[in-house]
Structures are given as structure tokens and as C-alpha cells.
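Order of listing sets the numbers, starting from 1, for every ligand and every atom in it.
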Amino acid sequence: MATTGRITTATHCPYCALQCGMNIVVEDERIEVEARPFGAHQGGLCQKGWTAAELLRHPERLTQPLLRARKDGGLQPVTWEDAVDFIASRIRELQRQYGRDAIGVFGGGGLTNEKAYLLGKFARVALKTSQIDYNGRFCMSSAAAASIAAFGIDRGLPFPLADIAQSQCVLLVGSNLAETMPPVMQYFQAQRANGGSLIVVDPRLTPTAAAATLHLQITPGTDSALANGLLHIAVRERLIDAVYIEQRTSRFDAVKRAVARYWPARVERITGIPEKQLELAARLLGMSASAMVLTARGPEQQSKGVENVAAFINLALALGLCGKPYSGHGCLTGQGNGQGGREHGQKADQLPGYRKIENPEHRRAIAQIWGIEESELPGAGKPAYEMLDSIGQERGIRGLLVFGSNPVVSAPRAAHIEERLRRLDLLVVSDFFLSETAALADAVLPSTQWAEEEGTLTNLEGRVILRRRALPPAAGARSDLEILAALATRFGANFQSDARAVFAELRRASSGGAADYAGITYERIKKEQGVFWPCPSEDHPGMPRLFTNRFATADGRALFQPVEYRHAAEEPDAEFPLYLTTGRLAAHYQSGTQTRRVEKLKNTAPEALVEIHPATARSHGIAENDEVLLETRRGSATAKARLTTSIRIDTIFVPFHFAARGRANLLTNPVTDPVSKMPEFKVCAAKISKQNPGPERAASFGASAA
Ligand SMILES: Nc1nc2c(c(=O)[nH]1)N[C@H]1C(S)=C(S)[C@@H](COP(=O)(O)OP(=O)(O)OC[C@H]3O[C@@H](n4cnc5c(=O)[nH]c(N)nc54)[C@H](O)[C@@H]3O)O[C@H]1N2
Ligand SMILES: Nc1nc2c(c(=O)[nH]1)N[C@H]1C(S)=C(S)[C@@H](COP(=O)(O)OP(=O)(O)OC[C@H]3O[C@@H](n4cnc5c(=O)[nH]c(N)nc54)[C@H](O)[C@@H]3O)O[C@H]1N2
Ligand code: SF4
Ligand SMILES: [Mo]
């Protein structure tokens with residue numbers, strides 16, 4: 001790399017939705033990371049952010065396109081020209097033979113706004129397929145559906161994160177921020193110092209729960225019963241805000257009737273949370289001058305994720321919180337561009353600007369921007385799991401292009417999905433490493449990494465930020481925008497490949513939509529520490545806080561959604577007696593393609609583990625560090641026992657970051673929420689046993705004994 005002197009570029013972390021400010025410092029061959037204060041964020045990174053730059057020049061980085069000419073052959077390096085030709089001709093063949101919908105596109109919430117926008121346009125305009133969806137379906141779709149139903153809009157947090165510090169009480173449901181977004185804890189520390197209280201709902205005593213005033217150690221899958229129970233107490237103790245309910249909401253009566261049956265003793269039976277704690281939580285929330293209810297993947301990744309979120313929104317609305325200072329309801333978005341990634345059209349049912357693909361007016365607006373007839377625009381495709389599961393089925397997809405996801409590790413019932421992917425006539429993966437999914441591909445396209453390209457992302461607050469290019473791309477790699485533009489040409493479509501030009505088009509396409517970016521420019525973002533959408537014009541300040549006067553519904557009122565608690569799709573029984581829940585470790589990111597390649601992170605968390613309560617472990621004859629066989633109705637996996645009293649006796653926890661036999665998703669239940677199509681990653685029934693050493697290990701034990 002030919003750089004002279006020391007060049008510092010202000011940018012952001014490549015990983016989660018917090019999008020911490022970061023400086024990349026390039027000096028000769030060295031690339032270093034500095035924490036950079038941004039917005040209200042004092043500056044500070046987690047271990048993943050600190051080590052992110054190590055991957056930029058990692059030896060396993062892909063630098064040449066790879067093709068597998070025969071299904072039983074290996075991947076061979078080829079030129080970009082040959083790779084693009086091969087992919088285009090295979091797609092054409094499959095579409096000719098099986099129809100346009102034979103090709104699917106799978107995106108990711110880590111992609112920039114520009115990439116997410118262009119990917120949606122690529123599917124619909126270049127490939128003319130309806131089959132596009134993305135990994136946000138596994139992440140934020142329940143939160144999105146519940147928020148839209150209640151508030152008419154889905155912006156994860158309708159207020160800046162820094163408001164947490166001023167809030168008198170925060171109810172944090174199924175979120176382990178101390179490990180998933182560690183720098184956020186600065187706001188909770190400030191909140192504590194200001195006399196505020198924090199209530200954490202989690203089946204585990206996580207580091208986040210340990211920092212709380214009150215920990216409600218809930219039985220997995222019972223969140224809606226908890227929310228209804230808290231509202232029941234609030235009604236009984238007259239903690240609800242009758243004036244607010246009257247002036248700003250509709251349909252409270254239906255919810256009031258529904259929660260009447262959730263008296264504390266019954267809720268204690270369902271959730272395992274003692275009545276006294278339920279009452280304390282309701283009073284802390286209801287008697288505080290300001291309060292927030294925040295949900296994350298715990299309640300959302302369930303086959304009733306939408307109902308769970310709706311039930312917590314009901315609670316926040318009944319207490320009169322939404323739109324009030326330092327108060328409200330929010331969902332904590334997860335991926336780097338989890339928010340923007342669900343606004344600009346990589347979701348099956350969606351068009352840019354958070355428009356609906358089934359709405360004729362929305363279709364006309366976008367068709368006009370794209371220079372096509374409305375009738376040429378495909379309709380809604382299948383949601384993520386259904387699309388992947390359709391492979392090899394009648395009218396299922398035959399070819400798949402993946403940008404920014406690793407479903408072999410991250411999709412539920414992973415062995416089944418892996419088997420499906422192997423059956424594809426064409427699998428194309430764009431990635432900078434040979435992920436477990438890329439390893440199955442017929443064509444692998446080496447893409448540039450975050451610090452080598454420019455683009456905007458929308459963080460969990462709805463703040464649009466700009467990642468800047470800090471160094472030249474690794475030799476041989478191309479940006480996803482260039483890849484999409486090159487492929488589009490082969491289908492007679494002419495796409496921009498420069499991020500700024502794509503953003504200019506995205507601004508026009510989003511104009512008038514719910515997520516309106518029309519007034520946002522790269523220059524403004526730099527000057528103003530990001531701009532909050534909606535921002536309809538360049539002289540509009542953007543909106544850090546929503547709902548202060550009205551909700552985004554037709555009549556401006558928020559809509560209560562009555563919810564009845566129902567069981568998880570699969571509850572423990574005699575054969576599979578334990579709850580299995582899954583989630584994250586501080587050291588790894590998602591499917592681990594990136595963080596499993598960082599030495600320091602790998603050493604911190606080298607392999608799959610399972611958290612088990614010591615009493616449960618003892619009754620199964622399992623000791624610390626034993627190899628444990630985990631089994632569910634989907635299959636089996638293995639992990640090292642980690643004994644801890646921080647987990648419920650009836651529950652085990654497995655992080656989903658590991659590959660091969662350590663995949664948590666070999667176990668998970670792919671049943672989805674009927675509305676959001678979000679899989680039930682957080683609850684299923686499992687059994688455990690001490691893994692007997694395999695023949696090889698038994699032999700080596702024998703040898704060492706001899
Ligand atoms: N270190 C790290 N940070 C990340 C990520 C990562 O992979 N690694 N990923 C990013 C992304 S994409 C996301 S979506 C976020 C996710 O961030 P979080 O939502 O904080 O992460 P999870 O660990 O999936 O789940 C949170 C908690 O839900 C609890 N839980 C399990 N079952 C239930 C239940 O039935 N009810 C309730 N109330 N809680 C339950 C789990 O014990 C867990 O502690 O993190 C982001 N940040
Ligand atoms: N059991 C269980 N499973 C889960 C979850 C859980 O809690 N439990 N959580 C779910 C959630 S919330 C999420 S978000 C998903 C995430 O799971 P995945 O969708 O698999 O997400 P990542 O691991 O981030 O995959 C991103 C892949 O794309 C590559 N990549 C990153 N950025 C780019 C880019 O800009 N361009 C290209 N071309 N490639 C890029 C990375 O190297 C990596 O291989 O997992 C879901 N799966
Ligand atoms: S908290 Fe998220 S954005 Fe911040 S450094 Fe860690 S991974 Fe990066
Ligand atoms: Mo996520």
C-alpha cells in the first residue's frame with residue numbers, strides 16, 4: 001500500500017447498529033483504530049470495534065473471483081469478466097427454463113443504504129424477480145410489524161439514545177446490551193447516577209441484568225403474559241394515564257378487557273416471576289415521571305414476536321409514555337444498517353422509502369423513478385426462511401445470489417437449509433471471506449470491506465451516518481455496488497455504481513415515503529453528526545424525536561392491539577425437558593465469519609459453548625468443560641459445558657456464532673411468526689447429555705493410559 005505520512009479518516013465501526021464513531025489511522029503499512037466521540041456518544045468501542053481493522057489485510061481475504069465449473073469440483077480463481085459472464089448466463093438459462101422467479105436474492109442488514117437500495121432495484125429491474133428478502137427477517141421484522149400497527153411507522157428508537165440518561169425508569173426486555181452494545185451502558189450509568197431505575201427481563205442474569213435495579217428472570221417465551229400482567233397491575237393501581245389514552249390513542253377498552261385476566265398469581269405461574277416483583281416493576285414504571293420500554297431479540301425472535309412487542313407497546317401507551325420527554329417505547333435494532341436496511345427495498349414486500357410493494361400508488365412512484373411501467377414491477381416475494389426452504393420444491397428458486405449474509409450458520413434449522421442450498425443450480429455469494437455459505441457457492445465474488453468504500457447507514461436511533469473510505473480497496477476486490485452494476489448491464493439495465501450517485505437516486509426514491517431521506521446529503525451528515533429521518537428537504541432539520549404531537553397513523557392516534565398469551569410453538573416435555581434459547585457473546589459477531597478470524601476474539605471465545613445451571617448439569621452427570629451433546633427435534637450439535645448459576649434451572653443457552661457441529665441453528669425451530677415471518681430462535685425444547693468421546697478420542701485416551 002503506497003501511503004505517505006499518517007492519514008486519519010473519521011468513520012464508523014463495521015459491526016452493530018450502534019455505529020460507534022471510529023478513526024482509521026493509516027501510516028505506512030499500519031492500520032490503526034481510534035475511538036471517536038460522535039453525537040452524544042462519548043467515544044468508546046467494544047472489543048469487536050477495537051479489532052475490526054485486523055480484517056482489512058487478513059491473509060484469508062478473498063482477492064479473486066472463484067468459480068466452481070462442476071458441482072463436484074472445487075472453486076477455481078477466474079477473472080471478473082469470466083465470473084460475471086458465467087453468472088449472467090446461468091441466470092438467463094434458469095430464468096428461461098423456470099421463469100423469472102426461479103432466481104432469488106438474499107441481502108443483509110449490514111449493507112449500506114446505497115447497497116440495500118441497489119440490491120432491491122437489481123432484483124426487480126434487472127432480474128425482474130419478485131424473490132428478494134434479507135436477514136433482517138431474522139432480526140427486526142417482528143419489531144417492525146408491531147410498531148407499524150401501533151404507531152404507523154417503524155423507526156426502532158423514536159428518540160436519541162442519550163435520552164436514556166434522563167429517563168427515570170427503563171424496562172429493558174430481552175436485551176443484553178452490556179455484551180451486544182457495550183458502549184450504550186454509559187447512558188445507563190448516567191441514568192443510575194441521576195437516580196433512575198433499570199428493570200431487565202431475561203431468563204439469564206446477564207451482565208446487563210447484573211447492572212439493573214430489578215431483574216425479572218422470565219421463563220422463555222412468556223413475554224406477552226408479563227406485559228399483560230404489568231398492565232393489569234397498572235390498571236388496578238390506577239397508574240395508567242387516562243387523559244393521554246383518551247386524547248392520543250384508540251381501542252384501549254379492548255386491551256383493558258384482555259389484560260383483566262392477567263392477575264399477578266396467574267402471571268407468576270406462566271412467567272415464573274414472583275408476584276412481588278411484578279408489582280414492584282409495575283410501580284417503578286408507573287410512578288416514574290419519565291419511563292421507557294425497550295425490547296430486543298429476546299421477546300422478538302419468537303413465533304409470537306409481533307404480539308410480544310405489541311403487548312409492551314400497549315403497556316407504554318397506557319402509561320402515557322410515547323411522545324413524552326425521556327419516555328416512550330423503542331425496539332433496539334441490531335445490525336450495522338439494520339434500520340436503513342429495512343427501509344429501501346431489499347425486503348420481499350417493500351419498495352424504497354419504506355413503501356409497500358402491494359400499494360398501487362407506491363408502485364407508481366417507484367416505477368417512475370426506475371423508468372419502468374408499474375405493471376413491470378414484480379409483486380411481493382417469499383419471506384427469507386420460506387424462500388430458502390423453497391429450493392428444490394415445485395416453483396421454488398433454482399438460483400440464489402447472497403450479499404451480506406451467512407445463512408448456513410445463521411438460518412434456523414441450519415442443516416436443512418444447508419441441504420437446500422446444496423441443491424441449488426446456481427449459488428452466488430459476495431463476501432470478503434469464504435464464509436460457510438460462500439464455501440458452497442458456484443461463484444464467489446470478493447467484495448471490498450467497510451473502510452475501503454463509502455456509504456451511508458442508519459443507526460438504531462434513525463440517525464443517518466456516513467462511513468468514509470479510509471484506504472484503497474484490497475487488490476482484486478470490488479464493491480457490491482460495482483458488482484451489481486456490472487451484473488445489471490448483462491440484463492440491459494444501466495445502474496450507477498458510485499455510492500454518492502446511488503444515494504442521490506435513493507433520496508429521490510424515498511421522497512414522500514415514510515422513511516424520507518430527500519433532504520439528507522453527505523455534506524449535511526458530516527456537518528451535523530448525522531441526520532435523523534424523516535427529513536423531506538434540505539432545509540428540514542430532521543427529527544430526532546417522533547410522536548411528540550401525533551403518531552404516523554391516518555388519524556394521528558396510536559392504536560392499541562389486544563394480545564392473548566399463547567405458548568411457544570414447542571414447549572419442553574418428557575423427551576426434551578429443557579428450554580433452549582440462543583443469542584450472543586460479547587466477543588463474536590453474528591455468524592462469526594469476521595470475528596472468528598480475529599486472533600484476540602477467537603482466543604476469548606474459541607468454540608461453541610452451552611450455559612447450564614450447575615444443578616441441571618449435575619443431574620445429567622455433566623461437569624465444567626465437558627463436551628455436551630445437545631439434541632432437539634431438528635437435530636443435534638455439540639458444545640463445551642459452561643456451568644453458571646446465572647441461568648434458570650430449566651433453560652440452556654447456546655450462542656449462534658460458531659460453525660460446523662457447534663452451530664446453535666442445527667437445533668432451532670424454524671416455525672415463524674404468522675405476521676412478521678420471524679423464526680423462533682429464542683425458544684424450543686432440548687435435551688442434553690455428556691458426549692461420549694468418539695472412537696478416535698477413546699482410542700487416544702486408551703493410548704495415553706497405556
Ligand atoms: N457481541 C455482539 N453484539 C451484537 C451482535 C453480535 O452478534 N454479537 N449482533 C447485533 C445484532 S444483529 C443484534 S440483532 C443485536 C441483538 O442484541 P440482543 O437482543 O441484546 O441479543 P441476544 O443475545 O440475541 O438476546 C438478548 C437476550 O435475550 C434473552 N432471551 C432469551 N430468550 C428470551 C425470552 O424468551 N424472553 C426474553 N425477555 N429474553 C430472552 C437472552 O438470554 C439474551 O440475553 O446485537 C447486535 N450486537
Ligand atoms: N440461533 C440464532 N440464530 C440467529 C440469531 C439468534 O439470536 N439466534 N440472530 C439472527 C439475527 S438477529 C441476525 S441479524 C442474523 C445474522 O446472521 P447473518 O445474516 O449470517 O449475518 P452475518 O454473520 O453478519 O453475515 C454477514 C456475511 O456477509 C459478509 N459481509 C459483511 N458485510 C458485507 C458487505 O457489505 N458486503 C458483502 N458482500 N458481504 C458482507 C460477512 O463477512 C458475513 O459472511 O442471524 C440470525 N440468526
Ligand atoms: S458497540 Fe457495536 S458499533 Fe460500537 S464498537 Fe462495538 S460492535 Fe462496533
Ligand atoms: Mo440482528
Side-chain angles (χ1 to χ4, degrees), residues 12-22 33 35 38 41 44-52 55 62 106-112 115-116 119 134-141 177 179-185 296-298 300-301 332-338 341 384 401-414 429-438 445-450 453 455 459-460 467 477-481 483 580-584 586 588-597 654-657 663-669 678-682 684:
H12 296 267
C13 174
Y15 298 118
C16 86
L18 197 53
Q19 285 302 297
C20 297
M22 184 184 267
V33 160
F38 178 77
H41 186 326
L45 304 167
C46 75
Q47 50 189 302
K48 299 188 302 303
W50 282 120
T51 53
L55 296 175
L62 300 173
F106 200 93
L111 303 178
T112 59
K115 293 179 183 188
L119 195 66
Y134 79 124
N135 70 6
R137 191 69 75 170
F138 299 160
C139 181
M140 287 302 293
S141 55
L177 288 170
E179 291 188 272
T180 53
M181 298 187 188
V184 166
M185 297 312 282
R297 297 314 78 75
E300 295 167 14
Q301 288 174 326
L332 297 157
T333 298
Q335 298 182 83
N337 195 30
L401 284 72
V402 180
F403 286 78
S405 183
N406 184 12
V408 167
V409 175
S410 58
R413 198 185 173 199
V429 176
S430 167
D431 207 310
F432 26 78
F433 291 113
L434 196 69
S435 70
E436 287 71 17
T437 305
L445 302 175
S447 60
T448 46
Q449 283 195 51
W450 101 107
E453 52 187 34
N459 81 355
L460 75 172
R467 270 199 206 143
R478 291 196 186 166
S479 80
D480 293 315
L481 296 180
I483 294 171
L580 164 71
T581 192
T582 64
R584 291 157 169 84
H588 285 298
Y589 192 66
Q590 313 276 61
S591 71
T593 309
Q594 290 155 280
T595 49
R596 280 188 274 119
R597 289 184 162 83
V654 184
F656 81 103
H657 312 295
R663 275 180 290 173
N665 279 319
L666 294 172
L667 306 164
T668 48
N669 189 348
M678 163 88 98
E680 190 142 75
F681 289 121
K682 287 293 188 269
C684 71

- Query: Would you say M140 contacts ligand 2, with heavy atoms under 4.0 Å as the rule?
  - Reply: no
So the atoms of ligand 3 within less than 4.0 Å of a heavy atom of Q19 turn out to be 3 (S)
Closest to atom 11 (C) of ligand 2 among protein heavy atoms sits R584 NH2, 3.3 Å
Looking only at N/O atoms, are T668 and ligand 2 under 3.5 Å apart anywhere? no
Atom 2 (C) of ligand 2 has as its nearest protein heavy atom F681 CD2, 3.3 Å
*asked:* What I want to know is whether Y589 and ligand 2 share at least one N or O pair that is separated by under 3.5 angstrom.
replied: no
Any N/O pair S435/ligand 2 closer than 3.5 Å = no
Q.
Is it the case that the side chain of R584 and the backbone of Q590 share a donor-acceptor pair, with hydrogens and angles ignored and the cut-off at 3.5 Å?
A. no
Can you say whether the rings of F106 and F138 are parallel (under 30°), tilted (30 to 60°) or perpendicular (over 60°)?
tilted
Ranked by distance from atom 31 (C) of ligand 2, the top protein heavy atom is F432 CZ, 3.4 Å
If you compare D431, L111, L62 by their heavy atoms, the one closest to atom 41 (C) of ligand 2 turns out to be D431
Shell check on atom 6 (Fe) of ligand 3: protein N, O or S atoms less than 2.8 Å away are C46 SG
Please verify whether a non-hydrogen atom of G110 lies at under 4.0 Å from ligand 2. no
In this structure, atom 47 (N) of ligand 2 is nearest to the protein heavy atom S410 O, 2.8 Å
Examine the side chains of Q335 and N135 and answer whether a donor and an acceptor come within less than 3.5 Å of each other.
yes
min-distance protein heavy atom vs atom 27 (C) of ligand 2 -> S405 N, 3.5 Å
The reported gap from SG in C20 to CZ in F38 (rounded to nearest 0.5 angstrom) is 10.5 Å
Atoms of ligand 2 under 4.0 Å from any heavy atom of N406, numbered from 1 in the order shown, are 18 (P), 19 (O), 20 (O), 25 (O)
Among non-hydrogen protein atoms, atom 8 (N) of ligand 2 lies closest to T582 OG1, 2.9 Å
- Can you find an N or O of R297 that's nearer than 3.5 Å to an N or O of ligand 2? no
Residue, atom and distance of the protein heavy atom nearest atom 22 (P) of ligand 2 read Q590 CB, 3.5 Å
Quick look: D480 vs ligand 2, heavy-atom contacts under 4.0 Å, and the answer is side chain
